[in-house]
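Scroll down for the structure; my scribbles are underneath it.
If you read the sequence from its start, that first residue is 1, and numbering goes on from there.
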Amino acid sequence: MNNQLILDQVTVKYGAMAAVSDATFSLAEGEIGCLLGPSGCGKTTLLRAIAGFESVSAGSISLHGEFISTPKHTKAPEDRAVGMVFQDFALFPHLNVNKNIGFGLNNLSGKEKNLRITEMLELVGLASVAERFPHELSGGQRQRIALARALAPNPQILLLDEPFSNLDAELRTQLAAEVRSLLKKNKVTALMVTHDQDEAFAMADKIALLNAGNVVQVDTPYKLYHKPGSLFAADFIGKGAVINVGIDAAGLLGNNLGSLSLNTLPEDFGNTVKLLVRPDDIAYDDTSDTKLEIVSKSFLGPNYLYELALNDGQLVPCLTHSHVDIAVGDELPVQFDLRHVVIFNPD
Ligand code: ATP
């Protein structure tokens with residue numbers, strides 16, 4: 001598959017400060033990507049550079065085989081085939097839904113324009129609100145109309161800047177999943193910015209994780225969660241604990257955690273390893289002799305998330321069915337499943 005969007009070693013500066021350095025990332029046609037990372041890491045800056053609102057001071061951005069940003073040339077935003085959906089929806093308050101969607105379609109004849117508007121309204125399932133004004137819509141409906149407006153001119157890429165953050169938590173994940181299936185069905189290439197990993201997991205085929213202006217890992221949501229390439233990624237993505245554990249030459253771990261197979265360990269492993277333990281690496285087992293003190297627990301509906309203390313006091317998470325309801329201060333019998341733990345060098 002051809003790459004639709006290519007960012008090649010892109011640096012974007014504000015004055016002397018590089019907000020994004022050396023970012024490399026690409027999206028194939030029809031692929032949905034996500035820029036994820038903590039506040040201030042450069043996500044919006046990168047999205048704005050793709051939209052043409054910021055220039056690049058090094059590297060290049062190309063879209064559909066054409067260089068649209070290089071240090072020498074920045075193609076104007078209005079000349080890029082880019083659709084944008086913003087956090088605050090940015091619908092025109094004085095125009096009804098039909099006119100909002102038709103706004104960027106002035107190159108079409110009246111008849112073609114109306115057909116396209118109807119098609120877009122059907123796409124987002126909101127044909128019934130065509131005559132309403134933005135203030136007469138719910139938050140979720142407004143966001144769907146913003147999506148319809150951005151898709152109407154048939155852009156080469158759709159850019160979404162924190163598109164769900166003004167919606168309540170339940171609607172956010174529901175809409176993220178809905179928007180994903182809509183984009184996939186219509187083979188739209190899209191790139192979303194978010195600091196919310198649940199949203200990123202619900203939407204993206206591929207995630208670029210940023211930290212302090214650098215792309216630190218580009219991977220599928222699954223790999224980013226299960227194979228984080230750095231302590232930063234391990235810490236930022238998902239729940240889990242990074243613990244220091246003693247280990248002997250045969251791979252036997254301290255704290256009664258069991259053994260690690262020697263071929264999963266770095267050649268020069270010393271006498272301590274750092275392990276990323278996810279809640280699903282520790283299973284409740286009422287036949288087990290390994291019993292850990294419950295330090296805290298949170299009810300998640302179908303599950304409990306327990307926080308357990310190892311013998312040396314380090315804390316690890318454990319996910320159980322919510323029928324396993326044991327009091328804080330009591331002990332939880334568990335089995336460690338070390339097949340998926342991620343091992344880091346202690347340095
Ligand atoms: P958030 O999740 O909080 O929106 P972000 O990851 O999108 O953050 P950016 O908005 O891209 O981060 O900002 C990256 C860095 O660039 C930050 O240090 C920010 O203060 C700085 N910055 C952003 N816009 C400007 C600007 N117009 N002028 C100067 N510095 C800016």
Yes or no on side chain to side chain contact (heavy atoms under 4.5 Å, CB included) for Val215 and Leu209, after CA distance, side-chain angles and deciding distance?
-> CA-CA 6 Å; Val215 175; Leu209 181 65; over 6 Å; no

State whether the number of non-hydrogen atoms from other residues, nucleotides or ligands found under 6.0 Å of His226 atom NE2 is greater than 12.
-> yes

Thr74 side chain to Ser69 main-chain N or O, any donor-acceptor pair under 3.5 Å?
-> no

Check: Val188 main-chain N/O paired with Asn186 side-chain donor or acceptor under 3.5 Å = no

Residues Thr189 and Ala28: closest non-hydrogen pair is CG2-O, 3.6 Å

Honestly curious: do Met120 and Leu158 fall in one hydrophobic cluster under the side-chain, below-4.5 Å linking rule?
-> yes

Return yes when atom CG of Asn271 has more than 12 non-hydrogen atoms of other residues, nucleotides or ligands closer than 6.0 Å, and no otherwise.
-> no

Check the hydrophobic clustering (I, L, V, M, F, W, Y; side-chain heavy atoms under 4.5 Å; chains of links allowed) and say if Ile243 and Ile247 are grouped together.
-> yes

Please round to the nearest 0.5 Å and tell me the distance separating atom CD of Gln4 and atom CD1 of Ile157.
-> 7.0 Å

Is Val179 reachable from Ile101 through a run of hydrophobic residues whose side-chain heavy atoms are each under 4.5 Å from the next?
-> yes

Working to the nearest 0.5 Å, report the span between CZ of Arg180 and CD of Glu199.
-> 14.0 Å

Which heavy-atom pair separates Phe344 from Gly229 by the least distance, and what is that distance?
-> CE2-C, 4.2 Å

Lys/Arg N to Asp/Glu carboxylate O, Lys184 vs Asp205, below 4.0 Å | yes

Side chains of Val20 and Thr11 in contact at under 4.5 Å (non-hydrogen atoms) = no

So do Pro279 and Lys239 actually touch side chain to side chain, heavy atoms under 4.5 Å?
-> yes

Return the orientation label for the Tyr304 and Tyr306 ring planes: parallel under 30°, perpendicular over 60°, tilted otherwise.
-> tilted

Counting only N and O atoms by type, is there a donor-acceptor contact under 3.5 Å from the side chain of Lys206 to the main-chain atoms of Phe25?
-> no

Specify the closest pair of heavy atoms between Asn100 and Arg149, including all atoms of both residues, with the distance to one decimal.
-> O-CD, 3.0 Å

Specify the closest pair of heavy atoms between Gly102 and Ile117, including all atoms of both residues, with the distance to one decimal.
-> CA-CD1, 3.7 Å

Derivation of the side chain to side chain contact (heavy atoms under 4.5 Å, CB included) call for Leu332 and Ile282 | CA-CA 11 Å; Leu332 193 74; Ile282 302 181; over 6 Å; no

In this structure, CD1 of Ile237 is separated from NZ of Lys227 (nearest 0.5 Å) by 15.0 Å

Minimum heavy-atom separation for Leu121 to Ala130, with atom names?
-> CD1-CB, 3.6 Å

Hey, what do you get for CD (Gln156) to CD (Glu29), rounding to the nearest 0.5 Å?
-> 9.0 Å

Linking I/L/V/M/F/W/Y whenever their side-chain heavy atoms sit closer than 4.5 Å, directly or via other members, would Leu319 and Val316 fall into one cluster?
-> no

Any chance you could measure Leu310, atom CG, to Leu257, atom CG, to the nearest 0.5 Å?
-> 6.0 Å

Kindly say whether Val97 contributes a backbone atom to a donor-acceptor pair with the side chain of Arg132 at under 3.5 angstrom?
-> no

Counting N and O atoms only, with roles assigned by atom type, does the side chain of Asp248 sit under 3.5 Å from a partner on the main chain of Gly251, one being a donor and the other an acceptor?
-> yes

Look up atom CG in Leu47 and atom CE in Met192, then write down how far apart they are to the nearest 0.5 Å.
-> 10.5 Å

Taking Gln141 for the side chain and Ser138 for the main chain, is one N or O donor matched with an acceptor at less than 3.5 Å?
-> yes

Quick one: does NZ or CZ of Lys99 land under 6.0 Å from the six-membered ring centre of Phe133, within 45 degrees of the ring axis?
-> no

Got a donor-acceptor contact below 3.5 angstrom from the Ser109 side chain to the Glu112 backbone?
-> yes

Tell me, do Ser322 and Leu300 make a side-chain contact under 4.5 Å, heavy atoms counted?
-> no

Determine whether Leu27 and Leu210 fall in the same hydrophobic cluster, where Ile, Leu, Val, Met, Phe, Trp and Tyr are linked whenever their side-chain heavy atoms lie under 4.5 Å apart.
-> yes

Indicate yes or no: does Asp196 engage Arg172 in a salt bridge with an N to O separation below 4.0 Å.
-> yes

Ion pair check, Arg278 and Asp280, cut-off under 4.0 Å = no

Should we count NZ of Lys223 as having more than 12 external heavy atoms under 6.0 Å?
-> no

Closest approach of Lys274 and Val242, non-hydrogen atoms and distance?
-> CD-CG1, 4.1 Å

Ionic contact status for Glu54 with Lys13, cut-off 4.0 Å = no

Do other residues, nucleotides or ligands put more than 12 heavy atoms under 6.0 Å from Tyr14 OH?
-> yes

Does some side-chain heavy atom of Pro71 sit less than 4.5 Å from a side-chain heavy atom of Val56?
-> yes

Would you check if Glu162 and Thr44 make a side-chain contact, meaning some heavy-atom pair closer than 4.5 Å?
-> no

Going by heavy atoms in the side chains, are Met203 and Phe164 under 4.5 Å from each other?
-> yes

Would you call Leu36 and Thr194 a side-chain contact if the rule is heavy atoms closer than 4.5 Å?
-> yes

Between Asp325 and Lys297, is there a side-chain N and carboxylate O pair less than 4.0 Å apart?
-> yes

How are the rings of Phe103 and Phe92 set relative to one another: parallel (under 30°), tilted (30 to 60°) or perpendicular (over 60°)?
-> tilted

Where does the angle between the aromatic ring planes of Phe232 and Phe236 fall among parallel (under 30°), tilted (30 to 60°) and perpendicular (over 60°)?
-> parallel

Is it true that a side-chain atom of Arg144 and a backbone atom of Leu126 form a donor plus acceptor pair closer than 3.5 Å?
-> no

Flag the pair Asn98 / Thr118 as yes when at least one side-chain heavy-atom distance between them is below 4.5 Å, and no otherwise.
-> no

Can you check whether Ser288's main-chain N or O pairs, donor with acceptor, with Gln335's side chain at less than 3.5 Å?
-> no

With distance as the sole test, does Asn214 use its side chain to make a donor-acceptor pair with the main-chain N or O of Val216 at under 3.5 Å?
-> no

Kindly determine whether Ile294 and Leu308 satisfy side chain to side chain contact (heavy atoms under 4.5 Å, CB included), including the steps that lead there.
-> CA-CA 5 Å; Ile294 300 171; Leu308 309 173; 3.8 Å; yes

CA sep, side-chain torsions, deciding dist, call: Leu46, Leu191, side chain to side chain contact (heavy atoms under 4.5 Å, CB included) | CA-CA 11 Å; Leu46 209 46; Leu191 183 63; over 6 Å; no

